[in-house]
Amino acid sequence: MKFLVQAFWLLFFYLLGIGVSALIGGIIPGSVLGMVLLFVALVFGWLSPERVSRLSELLLENLVLFFLPAAVGLVTATAWISAHWVAILAATGVSTLLIVAVVAGMQQQMEIWKRRRNIRERNHGTR
């Protein structure tokens, strides 16, 4: 029964993400929005981690199974890949650099926020 309740929550946020994606015109995939909404619900305490922990662990332990269809698709598309390998490598390189830059910027900003919070807590404690 616990798996059914946990599956409900995961499917709820997945379907909620699909709904939000349809409302905004499909700019962001519904599955991605669903994960973001689930993350927000977990961070703000609207959903406790225990409500999805066991099923999440099971899915993560068997994550390799979710990559099998993509791997088969790559094997069947070798002719297309070999014809467009330069564009694929360029897109991969550019997107990797962008991701590294965004993550570095976010990390720096989070460190600044952490330092400011620590300074405020120290100043507040000495009054």
Side-chain angles (χ1 to χ4, degrees):
M1 184 69 175
K2 200 169 200 175
F3 277 119
L4 288 175
V5 173
Q6 293 183 8
F8 165 79
W9 285 112
L10 292 180
L11 289 173
F12 171 78
F13 282 101
Y14 171 70
L15 293 173
L16 186 64
I18 288 176
V20 171
S21 177
L23 288 175
I24 63 173
I27 298 170
I28 302 171
S31 57
V32 173
L33 282 175
M35 283 192 294
V36 169
L37 292 171
L38 176 61
F39 174 75
V40 169
L42 289 168
V43 167
F44 286 111
W46 301 330
L47 180 69
S48 67
E50 292 79 29
R51 292 203 164 181
V52 293
S53 63
R54 288 186 64 207
L55 184 59
S56 298
E57 289 172 7
L58 177 71
L59 291 172
L60 286 172
E61 288 170 0
N62 297 297
L63 191 63
V64 71
L65 297 176
F66 298 107
F67 288 99
L68 286 176
V72 170
L74 285 174
V75 169
T76 60
T78 53
W80 184 87
I81 292 171
S82 63
H84 299 91
W85 66 273
V86 174
I88 293 170
L89 285 178
T92 303
V94 169
S95 64
T96 300
L97 290 175
L98 285 173
I99 288 170
V100 168
V102 168
V103 169
M106 288 176 65
Q107 179 62 33
Q108 285 181 333
Q109 188 63 43
M110 290 174 73
E111 290 292 330
I112 290 170
W113 290 339
K114 184 178 176 183
R115 282 190 204 119
R116 287 181 184 164
R117 187 183 69 215
N118 288 340
I119 290 171
R120 269 189 262 128
E121 287 175 355
R122 272 190 255 129
N123 289 341
H124 188 325
T126 58
R127 291 184 186 173

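Residues take their numbers from the sequence shown, with the count starting at 1.
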In the hydrophobic clustering that connects Ile, Leu, Val, Met, Phe, Trp and Tyr at side-chain heavy-atom distances below 4.5 Å, which members other than F39 occupy its cluster, ordered by chain and number?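 Taking Ile, Leu, Val, Met, Phe, Trp and Tyr as members, F39 shares its hydrophobic cluster with V43.
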Under the 4.5 Å side-chain heavy-atom rule for ILVMFWY, direct or indirect, which residues accompany V72?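 Reading the cluster by chain and number, V72 sits alone, since nothing else belongs.
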How would you list all residue pairs meeting side-chain hydrogen bond (donor to acceptor under 3.5 Å, both in side chains) that involve residues 48-58, not counting sequence neighbours?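 Matches after skipping sequence neighbours: none remain.
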Under 3.5 Å, side-chain donor or acceptor atoms of residues 8-36 against the rest of the protein: list the pairs with distances, not counting sequence neighbours.
unit_1 : atom_1 : unit_2 : atom_2 : d
S21    : OG     : I28    : O      : 2.7

In Å, rounded to the nearest 0.5 Å, how long is the span from CG of L65 to CG of L63?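 Here the interatomic distance stands at 8.5 Å.
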Could you list the residues that satisfy side-chain contact (heavy atoms from CB on, under 4.5 Å) with I119, not counting sequence neighbours?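 Checked I119 against side-chain contact (heavy atoms from CB on, under 4.5 Å); matches are R122, N123.
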Salt bridge (charged side-chain N to carboxylate O under 4.0 Å, His left out) involving R117 - partner list, sequence neighbours excluded: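 If we apply the salt bridge (charged side-chain N to carboxylate O under 4.0 Å, His left out) test to R117, skipping adjacent residues, the hits are E121.
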Would you tabulate the side-chain donor-acceptor contacts of residues 93-103 under 3.5 Å, counting partners in other chains and residues two or more places apart, or write 'none'?
unit_1 : atom_1 : unit_2 : atom_2 : d
S95    : OG     : A91    : O      : 2.9
S95    : OG     : T92    : O      : 3.1
T96    : OG1    : T92    : O      : 2.7

Show me the pairs that pass ring pair (Phe, Tyr, Trp, His ring centres under 6.0 Å) and involve residues 48-104, at least two apart or across chains.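 Residue pairs with at least one partner in residues 48-104: W80-H84.
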Identify all side-chain donor-acceptor contacts of residues 105-112 below 3.5 Å with residues at least two apart in sequence or on another chain.
unit_1 : atom_1 : unit_2 : atom_2 : d
Q107   : NE2    : E111   : OE2    : 2.9

Do V40 and L37 come within less than 4.5 Å of each other through their side chains, counting heavy atoms only?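 The answer is no, as the side chains (C-beta and beyond) never meet within the 4.5 Å cut-off.
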Between L74 and I81, what is the shortest heavy-atom contact and its length?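 Taking every non-hydrogen atom into account, CD2-CD1, 3.6 Å.
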Using the ring pair (Phe, Tyr, Trp, His ring centres under 6.0 Å) criterion, which residues pair with W46? Sequence neighbours excluded.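 Partners of W46 under the ring pair (Phe, Tyr, Trp, His ring centres under 6.0 Å) test: F44.
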